[in-house]
Amino acid sequence: MGKILTPPNYVDIEGPLIFVAGPIQGSADWQSRAISLLGAAAVTVASPRRRGDLGEFTEADYNAQVDWEHFHLDRAAKNGVILFWLAREREHKCERAYAQTTRFELGEAVTLHRLAGARVCVGIEEGFTNARYLRRTISKKAPGIPVCATLEETCRRALELALA
């Protein structure tokens, strides 16, 4: 079994890293399920979903979170896989566009795949907004990126890419 990394912790990583990217605010805790599916393999998994009660989330906490995510996304792009699970919105928050950070990270990852060969795997849950556009665009612009329909398939494909 590999290591499971969550913010704000940094550890030395040997071998491939799978970064589980996707919505946190407004979605179910799909990251725990993904970690369970990936956990039996000898890979390290980085999940941006913090464990436990966050309490007050200060500006310093926010900056540490974003820096942690950038570091591990970059590491996975160089040696591993960026796994996206585009979970449907479960709780709407009017003050924030759903999955706004995820959509930016996905565009960046597709570009890294096209320009530098980063390994990316995308899963889209039924009901995720704009899924049709994302499936079409990824298949046209980055046909080497698998686009999956279930979290189980997404994790399986990400493991195949990580261990290839």
Side-chain angles (χ1 to χ4, degrees), residues 1-55 57 61-90 98-114 116-126 128 131 134 138 142 144-164:
M1 179 158 179
K3 294 177 187 172
I4 309 301
L5 309 178
T6 57
N9 306 309
Y10 292 82
V11 300
D12 290 333
I13 303 167
E14 293 183 27
L17 172 68
I18 297 178
F19 187 98
V20 293
I24 294 175
Q25 292 184 5
S27 77
D29 180 7
W30 63 268
Q31 292 88 351
S32 293
R33 177 79 179 124
I35 288 168
S36 294
L37 292 166
L38 298 166
V43 297
T44 302
V45 178
S47 171
R49 185 181 286 269
R50 289 174 175 251
R51 295 182 182 160
D53 181 21
L54 293 180
F57 200 66
D61 294 330
Y62 174 82
N63 291 335
Q65 174 84 23
V66 171
D67 292 347
W68 185 94
E69 290 180 22
H70 290 175
F71 176 87
H72 289 91
L73 279 163
D74 290 346
R75 171 61 170 75
K78 291 175 184 155
N79 184 9
V81 177
I82 304 171
L83 177 161
F84 283 90
W85 177 245
L86 306 180
R88 70 178 176 82
E89 185 176 31
R90 300 247 178 346
Y98 181 67
Q100 66 186 25
T101 302
T102 298
R103 292 170 195 269
F104 182 89
E105 291 170 344
L106 177 60
E108 188 175 45
V110 169
T111 300
L112 280 171
H113 170 79
R114 292 176 70 194
R119 290 175 285 186
V120 178
C121 185
V122 177
I124 305 174
E125 184 177 22
E126 185 66 35
F128 184 81
L134 293 171
I138 293 168
I145 294 178
V147 179
C148 308
T150 67
L151 182 57
E152 292 76 12
E153 179 189 8
T154 307
C155 290
R156 182 181 56 76
R157 295 295 299 274
L159 279 172
E160 289 170 0
L161 288 170
L163 301 174

message: Working note: Leu38 + Leu159, criterion side-chain contact (heavy atoms from CB on, under 4.5 Å); need CA distance, chi angles, decisive distance, verdict.
response: CA-CA 7 Å; Leu38 298 166; Leu159 279 172; 3.6 Å; yes
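- The CG atom of Asp74 sits 11.5 Å away from the CD atom of Glu69 when rounded to the nearest 0.5 Å.
- For the pair Arg50 and Asp61, the tightest heavy-atom approach, listed with the atom from each and the gap, is NH2-O, 3.8 Å.
- Between Val120 and Pro146, the shortest heavy-atom distance links the atoms O-CD, 3.3 Å.
- Note that the CG atom of Leu151 and the CG atom of Leu86 stand 11.0 Å from one another [nearest 0.5 Å].
- The two residues Val81 and Ala158 make their nearest non-hydrogen contact at CG2-O, 3.6 Å.
- The pair Glu160-Arg156 meets the salt-bridge criterion, with a side-chain N (NZ, NE, NH1 or NH2) lying under 4.0 Å from an Asp/Glu carboxylate O.
- Annotation for Pro23 and Arg49: closest pair O-NH2, 4.3 Å, computed over non-hydrogen atoms.
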message: Between Ser47 and Ile35, is the side-chain contact (heavy atoms from CB on, under 4.5 Å) condition met? List the steps.
response: CA-CA 8 Å; Ser47 171; Ile35 288 168; 3.9 Å; yes
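- For the atom pair CD1 of Ile82 and CD of Glu105, the computed distance is 8.5 Å after rounding to the nearest 0.5 Å.
- In this structure, Lys3 contributes its side chain and Asp12 its backbone to a donor-acceptor pair below 3.5 Å.
- In plain terms, the two heavy atoms of Ala164 and Arg119 that are nearest each other are O-NH1, 4.1 Å.
- Rounding to the nearest 0.5 angstrom, the gap separating the CH2 atom in Trp85 from the OG atom in Ser27 is 11.0 Å.
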task: Go through Glu152 and Leu37 one step at a time and tell me if the side-chain contact (heavy atoms from CB on, under 4.5 Å) criterion holds.
output: CA-CA 7 Å; Glu152 292 76 12; Leu37 292 166; 4.1 Å; yes
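- A donor-acceptor contact shorter than 3.5 Å links the side chain of Glu153 to the backbone of Ala149.
- From Arg88, atom CZ reaches atom CH2 of Trp30 across 15.0 Å, with rounding to the nearest 0.5 Å.
- Thr6 is not listed as a side-chain neighbour of Gln31, based on a closest heavy-atom distance of 4.5 Å or more.
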message: As a quick check of understanding, evaluate side-chain contact (heavy atoms from CB on, under 4.5 Å) for Leu134 and Phe84, giving each step before the final call.
response: CA-CA 12 Å; Leu134 293 171; Phe84 283 90; over 6 Å; no
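- Here the straight-line distance linking atom CD of Glu89 with atom CD of Glu125 works out to 11.5 Å at 0.5 Å rounding.
- At a threshold of 4.5 Å between non-hydrogen side-chain atoms, the residues Thr44 and Pro16 do not count as touching.
- Considering only heavy atoms from C-beta on, Leu83 comes within 4.5 Å of Thr154 through its side chain.
- Between Phe19 and Trp68, the ring planes lie tilted relative to each other; the angle falls in the 30° to 60° range.
- Test Val122, Thr101, Thr111 against Leu106 for side chain to side chain contact (heavy atoms under 4.5 Å, CB included) and you get one pass: Val122.
- Residue Cys121 comes nearest to Cys148 through the heavy atom pair SG-SG, 4.2 Å, listed as atom of the first residue, atom of the second, then distance.
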